[in-house]
Amino acid sequence: MGLSGSFLYANDTAGAYPTSYYHATADYLPEFPSLQESIRCDVCVIGGGYMGLSAALHLRQRGYSVALLEAHRLGWGASGRNGGQLGSGQRREVDDLEAMVGRERAQALWQVGEASKALVKELIAEHGIACDLKPGIFYADHKHRYTAHSRALVEKMQRDYSYNELEFLAEADTRALVGSNAYYSGTLDHGAAHLHPLNFALGLARAATAAGTRIFEGTQVTEIGSGCPATVRTHAGAEVTADQVVYACNGYLESLNGHVADRVMPMNNFMIATEPLSDTDARALIARDVAVADSKFVINYFRLSADNRLLFGGGENYSFQFPKDIKGFVRKPLLEIYPQLRDVRLDYGWGGTLGITMNRLPFFTQLAPNQWSAGGFSGHGVGMATLAGQLVAEAIDGHMSRFDIMQAIPTHVFPGGRHLRWPLMVLGMLYYALRDRL
């Protein structure tokens, strides 16, 4: 989430927040200074997104001195650009988890995921973070044959996971909720939520600062030594000597650590924001003001903002370049869902880079006795990245149980290594994009 090494996308401006609806409506903090002289601390956190800020806050609450280094501004990366959806459980459904690790471990992973959702809500309430938190996400089926699975999932979640917040919607109710003929059924998760992602990140930053975290923006980490204590070197020559180091870089890690970068690949998602809509027009799109995410592999996700704009995410790529015309790029999937918006003005278009893994579950790892990393949140980072910071703080404090649950997830290297994974992934995405249409 914070930039590390030399990894920067061509469309991004070093140091500045990207232009977006979130940028235009953010409750900013004053800029923090860059690191100009070498310092000593208990823990050095690299990255100023959800994970890094959460780690800093929870470490300070446990009494550790913390320095947080961010190459740009706090929340500059995926934490300030994403769809704002706070999902339940893990990124993968429980059927997938059970097939991967068995029922008992799947239930433990589900509970960790639920803890991530609860933590976000608790932090918002405890620290008075104004981020437009609203309940509900509707998971929409774009194929009729998915209906039976959605109905069965609701029953399974109630029976096997004691989760009663999931409601099945048949075709008529689905089209009453989402003003589109693109969907046939779905599940409405009343326990999930959506929010203004950048303002949530900035709220975490206020809490971490108030707790005593030393924050340095505009400070790019170039190298981390392997000793104990470790030496964290920065682009300007200043160093941080720390007993523990936390990698909280997600999709922006790349050359900083090859072991993690082989398993966490950067991927770009894109969003637009329409002009403000009337209450009537807004409710005709999403009747109950919940967020929506559909069943396509290249997912569409959308919701209404506090000022009645439709915030719509669609399309992705694996290039170092964002599309030249992001609004035009996202308009195509937008009109597939809402053709009635053909003449609606698009006021904002932006891109962001997240980290994905092969299995779309996060990669937690203890790289050395005093070095910790989590990333690859794969579109589920509002909750899981925030919880990752708390779990790392627990682990550093000697309480490994929840970190170990996540660390035990099998995470494989992308085929082709860091050089060939891009073209191989593009080929894979072409296949799945075709499958979405069949």
Side-chain angles (χ1 to χ4, degrees), residues 1-20 22-23 26-57 59-60 64-81 198-199 201-225 229-257 266 352-353 371-373 375 385 389 392:
M1 298 194 184
L3 182 69
S4 304
S6 58
F7 195 56
L8 182 66
Y9 279 85
N11 303 67
D12 285 328
T13 302
Y17 283 104
T19 300
S20 71
Y22 300 137
H23 168 265
D27 183 15
Y28 286 113
L29 286 80
E31 188 169 357
F32 290 88
S34 61
L35 184 67
Q36 298 296 322
E37 57 185 24
S38 296
I39 61 172
R40 179 73 164 83
C41 63
D42 295 330
V43 186
C44 180
V45 176
I46 306 167
Y50 298 142
M51 179 185 169
L53 293 166
S54 174
L57 171 61
L59 285 161
R60 284 296 303 136
Y64 293 89
S65 62
V66 181
L68 184 149
L69 309 182
E70 165 58 47
H72 298 286
R73 300 293 309 278
L74 300 178
W76 179 91
S79 296
R81 312 190 198 191
L198 180 53
N199 277 339
L202 295 172
L204 287 180
R206 287 185 176 86
T209 303
T213 302
R214 287 181 289 176
I215 294 177
F216 301 93
E217 294 182 315
T219 302
Q220 179 180 322
V221 173
T222 57
E223 185 182 0
I224 300 171
T231 300
V232 179
R233 299 178 179 88
T234 68
H235 71 293
E239 298 178 347
V240 179
T241 302
D243 297 322
Q244 305 278 340
V245 176
V246 176
Y247 294 76
C249 310
N250 201 28
Y252 293 93
L253 179 118
E254 277 301 283
S255 61
L256 197 57
N257 185 278
T353 302
Q371 295 191 20
W372 311 81
S373 175
V392 166

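Because the structure is predicted, anything quoted here is derived from the model rather than measured.
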> Hey, mind stepping through S373 and N257 against side chain to side chain contact (heavy atoms under 4.5 Å, CB included) and telling me if it holds?
Replying inline: CA-CA 10 Å; S373 175; N257 185 278; over 6 Å; no
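- Remark: Q220 CD to H72 NE2 distance equals 7.0 Å, nearest 0.5 Å.
- Here the side chains of F32 and T209 are in contact, with some heavy-atom distance below 4.5 Å.
- Interatomic distance, OH of Y64 versus CD of Q244, reported as 7.5 Å (0.5 Å rounding).
- Closest heavy-atom contact between G77 and Y252: CA-CE1, 3.9 Å.
- In terms of heavy-atom proximity, P266 sits nearest to G251 at CB-O, 3.4 Å.
- No side-chain donor-acceptor contact under 3.5 Å links R73 to the backbone of A16.
- Looking at every heavy atom in both residues, L53 comes nearest to A201 through CD1-O, 3.3 Å.
- Here H235 contributes atom NE2 and T222 contributes atom OG1; the two are 9.0 Å apart, rounded to the nearest 0.5 Å.
- By the side chain to side chain donor-acceptor pair (under 3.5 Å) test, R214 pairs with no residue at all, sequence neighbours left out.
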>> Using side chain to side chain contact (heavy atoms under 4.5 Å, CB included), reason through L29 and R206 one step at a time and then give a plain yes or no.
In response: CA-CA 8 Å; L29 286 80; R206 287 185 176 86; 3.6 Å; yes
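- Taking the salt bridge (charged side-chain N to carboxylate O under 4.0 Å, His left out) definition, one finds that R60 meets it with nothing, sequence neighbours left out.
- The CG atom of L204 sits 8.0 Å away from atom OH of Y50, with the distance rounded to the nearest 0.5 Å.
- Contacts of A26 classified as side-chain contact (heavy atoms from CB on, under 4.5 Å), with partners at least two apart in sequence or in another chain: Y28, L198, N199, L202.
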Could you list the donor-acceptor pairs under 3.5 angstrom formed between side-chain atoms of residues 33-47 and any protein atom two or more places apart in sequence or on another chain?
{"from": "S34", "atom 1": "OG", "to": "Q36", "atom 2": "NE2", "distance (Å)": "2.4"}
{"from": "S38", "atom 1": "OG", "to": "E239", "atom 2": "N", "distance (Å)": "3.0"}
{"from": "R40", "atom 1": "NH1", "to": "D243", "atom 2": "OD1", "distance (Å)": "3.4"}
{"from": "R40", "atom 1": "NH2", "to": "D243", "atom 2": "OD1", "distance (Å)": "3.0"}
{"from": "D42", "atom 1": "OD2", "to": "S65", "atom 2": "N", "distance (Å)": "2.9"}
{"from": "D42", "atom 1": "OD2", "to": "S65", "atom 2": "OG", "distance (Å)": "3.1"}

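- Here the CD atom belonging to E223 is positioned 11.5 Å from the OG1 atom belonging to T234, to the nearest 0.5 angstrom.
- Under the ring-ring contact (aromatic ring centres under 6.0 Å, His included) criterion, Y22 pairs with H196, W350, not counting sequence neighbours.
- By the 4.5 Å heavy-atom criterion applied to side chains, N250 and M51 are not counted as neighbours.
- Summarising the geometry of A230 relative to G225, their closest heavy-atom pair is CB-O, 3.7 Å, with the distance given to 0.1 Å.
- Across A56 and L68, no two heavy atoms sit closer than the pair CB-CD1, 4.1 Å.
- Nearest heavy atom pair, residue L256 against residue C249, reads CD2-SG, 4.2 Å.
- Shown here are the side chain to side chain donor-acceptor pair (under 3.5 Å) partners of T213, two or more places apart in sequence or in another chain: there are none.
- Y17 contributes a side-chain N or O that, together with a main-chain N or O of L74, makes up a donor-acceptor pair within less than 3.5 Å.
- Residues R233 and T231 meet the side-chain proximity criterion, which asks for heavy atoms closer than 4.5 Å.
- Side-chain N or O atoms of T219 include none that pairs as donor or acceptor with a backbone N or O of L69 at under 3.5 Å.
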